[in-house]
Amino acid sequence: MTTKFSCFSVCPGSSPSSPVKWGRSNYCFVTEEMPWDTAFSECTLAGGRLVVIRSAEENEFLRSVIEERGTGSNWVGLMFGDEGWAWIDKSETYLNWAPGEGTPGANTCARMKDDTGKLHDRRCTSMYAYICEEEIVWK
């Protein structure tokens, strides 16, 4: 018999909420604003990671939840490093940059803008809400 394993019982942050399931993942939309590296650590400590967007459908799902909840712009798991822009899981996956965004630069991370679902580059020290993702594992 296979069972679903989930680390997220509540989402991280000072105002815990329940995770939202979509596809093979649970998502936590955390409204507490913090720098990218702190958001990365909070997601990791909770048993997940900053969200890695893999498709237009997933992007639209995330945008719609952000809009519904009014959480504003949110950090995602994409940052600029030695080899250019890369998702934290090193996958080559979906990118949805707004026009003029995705500019290379040290200490630059990506956020999803709430009204468009487009990605924008920002200094990693900027303060934004964030989205944690936990892939559901079947055992």
Side-chain angles (χ1 to χ4, degrees):
M1 183 171 131
T2 58
T3 56
K4 183 171 58 171
F5 173 73
S6 174
C7 291
F8 288 167
S9 55
V10 294
C11 295
S14 59
S15 300
S17 61
S18 297
V20 178
K21 184 183 182 313
W22 186 84
R24 295 178 48 193
S25 293
N26 288 323
Y27 300 87
C28 288
F29 296 81
V30 184
T31 58
E32 186 177 353
E33 294 185 352
M34 57 188 60
W36 190 92
D37 63 338
T38 306
F40 175 90
S41 295
E42 289 290 316
C43 290
T44 302
L45 288 170
R49 65 178 183 205
L50 280 171
V51 66
V52 173
I53 304 169
R54 298 188 184 282
S55 67
E57 295 79 17
E58 183 179 21
N59 193 91
E60 176 54 24
F61 161 75
L62 297 169
R63 188 212 58 78
S64 68
V65 174
I66 291 168
E67 181 179 56
E68 176 187 307
R69 293 185 176 199
T71 58
S73 295
N74 290 255
W75 286 127
V76 298
L78 180 65
M79 70 178 302
F80 189 83
D82 294 339
E83 297 179 20
W85 285 100
W87 290 99
I88 57 175
D89 70 349
K90 307 292 185 209
S91 65
E92 290 186 27
T93 192
Y94 182 78
L95 291 172
N96 188 26
W97 290 113
E101 298 292 335
T103 307
N107 196 27
T108 306
C109 298
R111 67 171 177 137
M112 177 184 276
K113 194 155 188 292
D114 57 340
D115 58 342
T116 64
K118 299 283 186 185
L119 298 175
H120 291 249
D121 55 76
R122 292 295 179 265
R123 300 289 296 168
C124 298
T125 54
S126 300
M127 305 285 280
Y128 291 106
Y130 58 101
I131 306 167
C132 295
E133 175 183 16
E134 173 198 36
E135 291 187 284
I136 298 169
V137 178
W138 294 86
K139 291 184 175 186

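Shown here for F80 and A106, the closest heavy-atom pair between the two residues is CD2-N, 4.4 Å. The shortest heavy-atom contact between W87 and L78 is N-CD1, 3.6 Å. Residues C109 and W75 come closest through the heavy atom pair CB-CZ3, 3.5 Å. Considering every non-hydrogen atom in both W97 and G102, the closest pair reads CE3-N, 3.5 Å. Scanning all heavy atoms of the two residues, the minimum distance from V51 to E58 falls at CG2-OE2, 4.2 Å. Here the closest heavy-atom approach between residue A129 and residue E33 is recorded as N-CG, 3.6 Å.
Under the 4.0 Å criterion applied to side-chain N and carboxylate O atoms, R49 and E135 are assigned as salt-bridge partners.
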Full working for side chain to side chain contact (heavy atoms under 4.5 Å, CB included) between T108 and M79:
CA-CA 6 Å; T108 306; M79 70 178 302; over 6 Å; no
Stepwise side chain to side chain contact (heavy atoms under 4.5 Å, CB included) check, V52 with I88:
CA-CA 7 Å; V52 173; I88 57 175; 3.9 Å; yes
Evaluate the side chain to side chain contact (heavy atoms under 4.5 Å, CB included) criterion for residues R54 and D89: first the C-alpha distance (whole Å), next the side-chain angles of each, then the deciding distance (0.1 Å), finally the verdict.
CA-CA 11 Å; R54 298 188 184 282; D89 70 349; 2.6 Å; yes
Hey, mind stepping through S25 and E133 against side-chain hydrogen bond (donor to acceptor under 3.5 Å, both in side chains) and telling me if it holds?
CA-CA 6 Å; S25 293; E133 175 183 16; 2.8 Å; yes
Determine, step by step, whether K21 and N26 satisfy the side-chain hydrogen bond (donor to acceptor under 3.5 Å, both in side chains) criterion, reporting the C-alpha distance in whole Å, the side-chain angles of both residues, the deciding distance to 0.1 Å, and the verdict.
CA-CA 4 Å; K21 184 183 182 313; N26 288 323; over 6 Å; no
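Classified by interplanar angle (parallel below 30°, tilted 30° to 60°, perpendicular above 60°), the ring pair F29/Y27 is tilted. Note: F61 and W22 have parallel aromatic rings, judged against thresholds of 30 and 60 degrees for the angle between ring planes.
SG distance check for C28 and C132: not under 2.5 Å.
A distance-only check finds a donor-acceptor pair linking the side chain of D121 to the backbone of T103 [under 3.5 Å]. When atom types are taken as modelled, the side chain of N74 and the backbone of G72 share a donor-acceptor pair closer than 3.5 angstrom. With N59 contributing its side chain and I53 its backbone, the two residues share no donor-acceptor pair below 3.5 Å.
E42 is not listed as a side-chain neighbour of D37, based on a closest heavy-atom distance of 4.5 Å or more. Residues R63 and D115 have side chains not in contact (no heavy-atom distance under 4.5 Å, counting atoms from C-beta outward).
With sequence neighbours excluded, the residues satisfying salt bridge (charged side-chain N to carboxylate O under 4.0 Å, His left out) with R122 are E101.
Expressed to the nearest 0.5 Å, how far CD of E32 lies from OG1 of T38 amounts to 9.5 Å. Taking CE of M34 as the reference point, atom OG of S41 lies at 9.5 Å (rounded to 0.5 Å).
M127 and L50 fall into different hydrophobic clusters, defined by Ile, Leu, Val, Met, Phe, Trp and Tyr side-chain heavy atoms under 4.5 Å apart, directly or through other members.
When each of V30, T71, T31, V76 is paired with Y130, the side chain to side chain contact (heavy atoms under 4.5 Å, CB included) condition holds for V30 and for no other.
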